Amino acid sequence: KKDSSMRVAINLVQEGVAQAAVSAGNTGALRATARFVLKTLPGIDRPAIVTTLPTTHDHGHVRDLGANVDCTPEQLVQFAVMGEVFARTVLGLTRPVVGLLNVGAEELKGHEAVRTAAAVLRESGLPIQFHGFIEGDDIGAGTVDVIVTDGFTGNIALKTMEGTARLFSIFLRETFRGSWPARIGYLLCRPALERLRKRLDPRRYNGAVFVGLNGIVVKSHGGTDALGFANAIGVAVDMVSNGFNARIKEELSGHPLVGDPLYGPGGTVRDALPGDLGYLLHAWRLAFAHPVDGRRIDLEAPPPPLLRPKN
């Protein structure tokens, strides 16, 4: 609807009246509206949702969390590219480690999309610190800095973690109410339990960013309260204050997917790449135009005929 609050808010961002939009509305509707009005950045097929989760090593960053239920291998590689750039340029991580969420760490496990995406990330020489496949328990363990998955799996993982935290809280309350000694023990443990509660409180991590759009859009959990929504607004403020979109655009500007020749004056793929992100995006495009079959792509060789520009 053109007069819905969601559409009006995103229109204000597109017109430059507002610097960011925050919504607790339907995720699919928000993604579709934001993509239609703001458009995606050059070289990006679909925006993805990224958020922060608590881990034993501080925080982990998961994408996608529900914006794209079905993803192609190309889109998963794009998510890895955007996640690596997000962690490096906005979060200040020098060499963020990227992992693909899968049903097992072995290379042969998982469906075709994740196996193909992993093959590209592993074999095409991308300058990403790719860990490989990770499993669900690696999220909390902090095995990698950036967890890449499709929206279907990512959303289930997020909701499962939230539900587990609530279940743990219920069991803990029942245990301390079970006897008088337990209640006395609670009084002694109360300061430590309060610190634990705050650390695991999902409201502290509310506010997921749509990355890959020509504007800042933040998705809030629909069931959160005032504190959680305030944190989502805080995420939007941080993105604006840190010049998030400007930095992402700077990384994307000038790469070979935006009308530049597909190879440079030296006649090789590597010669055409003006920067790290250009290298990443061009390499995955090359990989999918020239299917991965276990061979390492030679970036010093001329591009395959499919990618050569017409005379």
Side-chain angles (χ1 to χ4, degrees), residues 27 44-87 93 95-165 167 208 211-212 280-281 283-299:
T27 301
I44 300 301
D45 183 22
R46 294 183 184 180
I49 302 178
V50 59
T51 194
T52 301
L53 295 174
T55 72
T56 56
H57 296 165
D58 194 14
H59 298 101
H61 309 281
V62 184
R63 57 184 313 128
D64 183 22
L65 291 173
N68 305 283
V69 174
D70 296 313
C71 292
T72 64
E74 296 94 328
Q75 288 157 359
L76 289 175
V77 175
Q78 287 183 20
F79 295 168
V81 170
M82 291 191 290
E84 194 271 347
V85 172
F86 177 85
L93 299 180
R95 288 292 305 278
V97 181
V98 179
L100 269 174
L101 188 61
N102 197 6
V103 295
E106 296 83 1
E107 293 185 14
L108 296 178
K109 287 193 174 180
H111 53 68
E112 183 178 354
V114 295
R115 292 200 309 271
T116 304
V120 173
L121 291 169
R122 189 183 300 111
E123 301 293 340
S124 63
L126 300 175
I128 280 183
Q129 192 167 342
F130 181 57
H131 174 84
F133 290 137
I134 61 169
E135 299 183 70
D137 57 349
D138 287 311
I139 298 176
T143 303
V144 298
D145 300 304
V146 179
I147 301 106
V148 178
T149 183
D150 59 80
F152 183 87
T153 307
N155 191 269
I156 290 176
L158 175 65
K159 299 296 175 59
T160 301
M161 293 179 69
E162 292 175 350
T164 302
L167 183 64
V211 180
L280 291 169
L281 293 174
W284 71 251
R285 181 180 179 183
L286 172 63
F288 283 104
H290 196 58
V292 175
D293 59 3
R295 295 168 295 146
R296 186 176 183 82
I297 294 174
D298 185 4
L299 293 177

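Heavy atoms only: backbone and side chains are in, while hydrogens, waters and symmetry mates are out. Since this is a predicted model, take the numbers as computed values, not measurements.
A118 and F130 get closest at one heavy-atom pair: O-CE2, 3.8 Å. Across every non-hydrogen atom of L76 and V148, the tightest pair is O-CG1, 3.6 Å. A pairwise comparison of heavy atoms in V98 and A80 identifies CG1-CB, 4.1 Å as the closest pair. Between A208 and I49, the closest heavy-atom pair is CB-CG2, 3.1 Å. Closest non-hydrogen pair, V97 versus V144, comes out as O-CB, 3.6 Å. The two residues P96 and E84 come nearest to each other via the heavy atoms CG-O, 3.7 Å.
Judged by distance alone, with hydrogens and angles left aside, the side-chain atoms of N102 form a donor-acceptor pair with the main-chain N or O of K109 at under 3.5 Å. Judged purely by atom type and a 3.5 angstrom limit, R115 uses its side chain to pair as donor or acceptor with the backbone of G110.
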Test side-chain contact (heavy atoms from CB on, under 4.5 Å) applied to L101 and I139, step by step: CA-CA 9 Å; L101 188 61; I139 298 176; 4.2 Å; yes

Audit row: T149, F79, side-chain contact (heavy atoms from CB on, under 4.5 Å) steps and yes/no: CA-CA 8 Å; T149 183; F79 295 168; over 6 Å; no

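Rounding to the nearest 0.5 Å places OG1 of T116 at 11.0 Å from CG of L121. Put simply, CG on D145 and NE2 on H131 are 11.0 Å apart, with the number rounded to the nearest 0.5 Å.
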